[in-house]
K.L.:
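Handing you this structure, nothing more for now.
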Amino acid sequence: MIAAKEALQAGLFQRQHWIRNIVSGVIVGIVALPLAMAFAIASGAKPEQGIYTAIVAGFLVSAFGGSRVQIAGPTGAFIVVLSGITAQYGVAGLQVATLMAGIILLFLGITKLGSIIKFIPAPVITGFTAGIGVVIWVGQWQYFFGLPDVSARHFHDKLYQLVVALPDFHVMTTLLALLALLVTLFSPKVQGLKRIPGPLLSLLAVTALQYVCQFDGISTIGSQFGGIPQGLPQFSFPLISWDHVIELIGPAFTIAMLGAIESLLSAVVADGMTNTRHDSNQELVGQGIANIAAPLLGGFAATGAIARTATNIRNGGTGPMAGMIHSLTLILILLALAPLASYIPLAALAAILFVVAWNMSEAHHFVHMIRRAPAADVAILLITFLLTVFADLVVAVNIGVLLATFHFLRRMANSVEVKAVTGKELHNELSQQGVLELPPGVLVFTVEGPFFFGAVDQFERTLAITNTDPDTVIIRLKWVPFIDITGIQTLESVIQNLQKRGITVLLANTNKRVSTKLRKAGLIAQIGEQHHYDTFNDALKTALLHSEMDNTDLPGQQMVISLDNEPNVSSATEFNRKSHE
């Protein structure tokens, strides 16, 4: 359900909830201001575009999302991807990629695929978020230390050029940046300043100092971008060629996946803080609508912001009204105070992003996972992290997910047990047939676990023991929850090979799901209905019966494959009737 509609039904728009949500919305709007500008500049866009993004996305996600208290806007997770898109395709390309990502998110939400995002492994998420933190941190050295522009495309080249340029740092820029960093970090610990957001306080302090002292050589929003326009954004459709649209499909998909991951993580955090439950699919619908609208109004990619959402909750936000007030607050600031933004030093925004990068890296969690996680998960974590930093976020996420998937499939395949069963283990089944041991010419195998493509090799290796051509081979797939097409094809190949060696194959005890798939694939029709039994005991009874008969009564030997579960009795007499028809 749409969170705003749910909140309306719950009475959260009634008068008694106005004050707390208005106050929270105003506070979050003030917190969002410096972050929106910082994220925009780091992404290669103009500072006002970050504000536009926070306004549009913040309002629409609150109105159409699946979490009552979610606050959306530009976030640090996007910086690595967005800056690369902007460098190659310009701001117009960034906006087209955002619009395409919005369509993808909308599709994911409408088709109820929101839960799929939850299956991305923790090592992959931790790896790329930590990598993003490192890239953001290094990327802000230029503004923090007042270094010359660096045009290197790859991280290692950029890092090298920045290190070489460090001795030439601008002293006053660095001092202002350090002041902003200290205020951001320590002002919340000072009595009387706890209620004022650290980023806002540092921005105000450093901007006021620069306004009064007019230090030379300080890069500001005014000197770099000509200030911030005083007014609302205008609707415009970004123009870009069809070829670029095709090239942007990959980055757009990455934006959509990152946006989905971060917004749903933020919604989960909000649920824990408010004891509520969000709607994952509706949240993706809201994110999709926001990312379609934002670039049409001068903005770019947005998602749920964990820090701003937590700030909203801590300051009393209980419903979508707070997110809407947050957007209105930014509009008022834009209309009333835009000219003053020209004096904001970029060093102050860089200091704020230093703190954002540290929080994103989750260094303690990263180190903890390396020390405590299994070796394979540590390898996936480090590979994803290194690829994010030194290669590309798209490559890192894709390879990280693939490695995690392959590792999972390997563990699943190893969990499938295929073994020969002795007469002693079949004591209960044999005693029901009035015998104590399996006859010398009868072998029994059991397979337990999903019969999918990863288990095929183990299945074939274990069955290689039938090269001795016993009189009867019974294969029990007793606990097989499902079988895929590769498993069916392997089973078909095994049956054909055994039939060529004169062994008759009997199938028994398939559950409804597996039986339906075998029939649809034509496997049961291929071996004949007379070779298909509903219970393992009936198949075993028939095998024991015919092991005592002359070979002329039952041509060839028998192989019984049992996919045990749902009993549905079929007798040996019926087998004899079928085999003689």
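None of these values were measured; they are calculated from a predicted model. Here, residue 1 is the first one in the sequence, and each next residue gets the next number.
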K.L.:
If I compare all heavy atoms of I255 with all of A97, which pair ends up nearest, and what's the gap?
P.N.:
CD1-CB, 4.1 Å
K.L.:
What closest approach, in Å, do A57 and A302 show between heavy atoms, and which atom pair accounts for it?
P.N.:
CB-CB, 3.4 Å
K.L.:
How long is the span from the CZ atom in F39 to the CD1 atom in I352, to the nearest 0.5 Å?
P.N.:
9.0 Å
K.L.:
Is the distance between the ring centroids of F385 and F366 under 6.0 Å?
P.N.:
yes
K.L.:
Do the side chain of T126 and the main chain of P123 share a donor and acceptor less than 3.5 angstrom apart?
P.N.:
no
K.L.:
Give me the atom names and distance for the closest heavy-atom approach of V135 to V389.
P.N.:
CG2-CA, 3.9 Å
K.L.:
Whether the Q70 and S266 side chains hold a donor-acceptor pair (N or O, under 3.5 Å, no angle test) is what I'd like checked.
P.N.:
yes
K.L.:
Consider only side-chain N and O atoms of N312 and S24, and report whether a donor and an acceptor are under 3.5 Å apart.
P.N.:
yes
K.L.:
So which atom in V124 and which in A404 form the shortest heavy-atom distance, rounded to 0.1 Å?
P.N.:
CG2-CB, 4.4 Å
K.L.:
Using 30° and 60° as the class boundaries, would you call the ring planes of F144 and F354 parallel, tilted or perpendicular?
P.N.:
parallel
K.L.:
Under a 3.5 Å threshold, yes or no: a donor from one side chain and an acceptor from the other, between Q214 and Q210?
P.N.:
no
K.L.:
Any side-chain to backbone donor/acceptor pair from T309 onto I71? Under 3.5 Å, distance only.
P.N.:
yes
K.L.:
Using distance alone, with no hydrogens and no angle criterion, decide if T129 and E362 have a side-chain donor and acceptor under 3.5 Å apart.
P.N.:
no
K.L.:
Between the side chain of S187 and the main-chain N/O of L193, is any donor-acceptor distance below 3.5 Å?
P.N.:
no
K.L.:
Can you check whether G323's main-chain N or O pairs, donor with acceptor, with H326's side chain at less than 3.5 Å?
P.N.:
yes
K.L.:
Looking at Q287, is its backbone amide N or carbonyl O close enough to the side chain of N291 to form a donor-acceptor pair, meaning the two atoms are under 3.5 Å apart?
P.N.:
yes
K.L.:
Please answer whether the main-chain N or O of I27 pairs with a side-chain N or O of N315 as donor and acceptor at a distance below 3.5 Å.
P.N.:
no
K.L.:
Taking all non-hydrogen atoms of both residues into account, name the closest pair between T75 and G304 and its distance.
P.N.:
CG2-O, 4.2 Å
K.L.:
Do S280 and H278 meet the criterion of a side-chain donor-acceptor pair at a distance under 3.5 Å?
P.N.:
yes
K.L.:
Assess the residue pair L176 and F215 against the criterion (side chain to side chain contact (heavy atoms under 4.5 Å, CB included)); give the C-alpha distance rounded to whole Å, side-chain angles, the decisive distance to 0.1 Å, and a yes or no.
P.N.:
CA-CA 10 Å; L176 288 178; F215 298 113; 4.2 Å; yes
K.L.:
Taking atom CZ as the centre, does F59 end up with more than 12 heavy-atom neighbours from other residues, nucleotides or ligands that are less than 6.0 angstrom away?
P.N.:
no
K.L.:
Which word best sums up how the rings of W137 and W141 line up, parallel for under 30°, tilted for 30 to 60°, or perpendicular for over 60°?
P.N.:
perpendicular
K.L.:
As an exercise, state the distance from OG1 of T184 to CG of L200, rounded to the nearest 0.5 Å.
P.N.:
10.0 Å
K.L.:
Looking at V245, V91, I85, which one forms a side chain to side chain contact (heavy atoms under 4.5 Å, CB included) with V96?
P.N.:
V245
K.L.:
What closest approach, in Å, do T388 and A396 show between heavy atoms, and which atom pair accounts for it?
P.N.:
OG1-CB, 3.1 Å
K.L.:
Which class fits the ring pair H154 and H156: parallel under 30°, tilted 30 to 60°, perpendicular over 60°?
P.N.:
parallel
K.L.:
With a 3.5 Å distance limit and no angle check, can you tell me whether Q282 reaches the backbone of G65 through a side-chain donor-acceptor pair?
P.N.:
no
